[in-house]
Structures are given as C-alpha cells and as structure tokens.
Amino acid sequence: MIINRAVIIIKPKQPAVDWINQVDPIKGGKQMSVIEAGQDSLIYLVPRDVESDIHAHVWVMNNVDTLFEEFLDGWYQDNSLWPKVLGAELFETWFTIEYHSMVVDTIDEPVLKEEM
C-alpha cells in the first residue's frame with residue numbers, strides 16, 4: 001500500500017565522518033569509513049507535497065538545525081563535542097540529501113509513533 005508520504009535520507013559525507021573519527025577515534029587505529037557511517041542513515045517521512053529533489057532540499061534547509069542536532073546527538077550526546085557553528089553551509093558540506101517520492105507500507109497494521 002502506497003502511503004501519503006515521501007522520504008528524505010540524510011547520509012554523511014567524509015567531513016562528517018572525519019568529525020566522528022576525531023571526536024572519538026576507534027581504538028586500534030581503524031577509522032570509520034563513509035560507507036560504515038552511512039549504513040544506518042537517518043530517514044525522514046515528509047509530506048507528499050515534497051515532490052522533487054528541489055522541494056526536498058528546501059525542506060531540509062527549513063529544518064537544518066533540528067536535522068543537524070539529531071545527527072550529532074546520535075553519535076555523541078555531549079554537545080560540547082559538536083561543532084561550534086552549525087547551519088546550512090556546514091550541513092551541505094557534511095551530508096548528501098536523497099529524495100524518494102514513493103513509500104510503500106508492506107505491513108497491514110498501524111504505525112506506532114514515539115517522541116525522539
């Protein structure tokens with residue numbers, strides 16, 4: 001069943017992974033890679049009127065502070081380790097934005113929601 005949402009996926013680029021590795025390097029010298037950091041990316045269900053890559057970019061920029069903080073908090077809750085200045089310019093350096101227009105729900109039961 002197609003649902004009335006689109007999807008935006010936020011994936012880290014190398015500068016975001018460099019920050020992860022700098023803040024808490026993996027013991028033994030092995031650094032996290034972009035592929036490893038992006039394996040469990042943040043996925044956002046957005047309104048169906050977000051209907052193109054351009055609309056997705058506008059939606060992300062309108063929510064950039066929240067999205068950035070969710071990413072950073074997902075790695076390190078101590079915000080003293082976060083970059084001092086966040087914002088759209090740094091976000092675009094750190095992340096790729098993927099847009100997908102169709103969401104198919106394969107389960108015939110209600111979606112449960114909880115606050116983050």
For the student: nearest non-hydrogen atoms of Leu86 and Glu69, plus distance: CD1-CG, 4.1 Å

Nearest-0.5 Å distance that lies between atom CG in Asn79 and atom NZ in Lys84: 8.0 Å

Working for side chain to side chain contact (heavy atoms under 4.5 Å, CB included), residues Trp82 and Asp73: CA-CA 9 Å; Trp82 297 2; Asp73 190 62; 3.9 Å; yes

Taking every non-hydrogen atom, the tightest pair across Pro83 and Leu90: CB-CD2, 4.0 Å

Shortest non-hydrogen contact between Tyr76 and Ile20, atoms and distance: OH-O, 3.2 Å

Verdict with supporting geometry, Trp75 and Trp19, ring-ring contact (aromatic ring centres under 6.0 Å, His included): CA-CA 10 Å; Trp75 286 99; Trp19 171 78; 7.9 Å; no

Gap between atom OG of Ser101 and atom CZ of Arg5 - 0.5 Å precision: 14.5 Å

Distance-minimising heavy-atom pair for Ile2 and Arg48: CG2-NH2, 4.0 Å

Rounded distance [0.5 Å steps], CG in Asn4 versus CG in Asp105: 11.0 Å

Joint cluster assignment, Met61 & Ile10, ILVMFWY side-chain distance < 4.5 Å: yes

Distance-minimising heavy-atom pair for Val17 and Ala37: CG2-CB, 3.6 Å

Enclosure of Asp40 CG (heavy-atom neighbours >12, cutoff 6.0 Å): no

Any donor-acceptor N/O pair, Asn21 side chain to Met32 backbone, under 3.5 Å: yes

Shared hydrophobic cluster, Ile9 / Val46 (ILVMFWY, side-chain heavy atoms < 4.5 Å): no

ILVMFWY cluster, Tyr44 and Ile3 together (side-chain gap under 4.5 Å): no

Co-membership, hydrophobic cluster, residues Val64 and Val58, 4.5 Å side-chain: no

Interatomic spacing from OG in Ser52 to CH2 in Trp59 - rounded to 0.5 Å: 14.0 Å

Considering all heavy atoms, the nearest Pro12-Phe95 contact: CA-CD2, 3.8 Å

Atom CD of Gln77: over 12 foreign heavy atoms under 6.0 Å: yes

Same cluster (ILVMFWY, side-chain, under 4.5 Å), Ile43 and Phe91: no

Side chain to side chain contact (heavy atoms under 4.5 Å, CB included) between Leu67 and Leu42, worked out: CA-CA 9 Å; Leu67 299 174; Leu42 295 169; over 6 Å; no

Output field: ring centroids Trp94/Phe68 closer than 6.0 Å: yes

Test item: Thr96 and Lys13 side chains (from C-beta on) under 4.5 Å apart, heavy atoms: yes

Test side chain to side chain contact (heavy atoms under 4.5 Å, CB included) applied to Ile97 and Ile8, step by step: CA-CA 7 Å; Ile97 301 166; Ile8 293 174; 3.8 Å; yes

Lys11 side-chain N/O to Val34 backbone N/O, donor-acceptor pair under 3.5 Å: no

Test log, rule side chain to side chain contact (heavy atoms under 4.5 Å, CB included), inputs Leu45 and Val7: CA-CA 5 Å; Leu45 294 177; Val7 169; 3.8 Å; yes

Close side-chain approach of His57 to Tyr99, heavy-atom, < 4.5 Å: no

